[in-house]
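One structure below.
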Amino acid sequence: THAITTLQTGGFVERDEDGFIRLTDVGREVAERTYEKHCFFTEMLIEAGVDQETAEADACRMEHAISDASGEKWGAFVRSLDL
């Protein structure tokens with residue numbers, strides 16, 4: 001409940017009259033950006049030879065540690081390498 005309260009305070013989720021929790025538009029945008037970073041890091045780690053389970057676990061930590069701006073720049077850089 002602490003995490004949900006924090007997300008509500010931040011405007012990322014809302015609770016309806018029946019108690020169901022839903023993402024706000026802002027929450028959905030943040031979740032989508034975070035998922036994109038997760039997929040990117042997972043893919044890059046697997047390409048580097050990391051096993052899938054470890055890549056998923058590491059990507060889960062990395063997606064929250066890097067800013068959106070740095071994630072976008074890193075992704076653009078990697079795509080420019082045309083691997």
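By the side-chain contact (heavy atoms from CB on, under 4.5 Å) test, Ile21 pairs with Ile4, Val13, Arg15, sequence neighbours left out. Shown here are the side-chain contact (heavy atoms from CB on, under 4.5 Å) partners of Gln52, two or more places apart in sequence or in another chain: Ile46, Glu56. Here Cys60 pairs with His38, Glu63 under the side-chain contact (heavy atoms from CB on, under 4.5 Å) rule; sequence neighbours left out.
Residues Met44 and Val50 are not in side-chain contact: their nearest non-hydrogen atoms beyond the backbone lie 4.5 Å or more apart. Side-chain atoms of Glu29 and Val26, non-hydrogen and from C-beta on, never get closer than 4.5 Å to each other.
Rounded to the nearest 0.5 angstrom, Thr24 OG1 and Phe12 CZ are separated by 7.5 Å. Note that NZ of Lys37 and OG of Ser67 are 6.5 Å apart. Values are rounded to the nearest 0.5 Å. Separating the CD atom in Glu32 from the CG atom in Leu23 is a distance of 9.0 Å, to the nearest 0.5 Å.
In Asp51, the CG atom is crowded: over 12 heavy atoms of neighbouring residues, nucleotides or ligands sit closer than 6.0 Å. The environment of Arg28 atom CZ is sparse: at most 12 non-hydrogen atoms of other residues, nucleotides or ligands sit within 6.0 angstrom.
The pair Arg61-Asp58 counts as a salt bridge, with a side-chain nitrogen and a carboxylate oxygen less than 4.0 angstrom apart.
Using the six-membered ring where Trp is involved, Trp74 and Phe41 have ring planes that are tilted, between 30° and 60° apart.
Closest approach of Ala59 to Thr42, counting heavy atoms only: CB-OG1, 3.1 Å.
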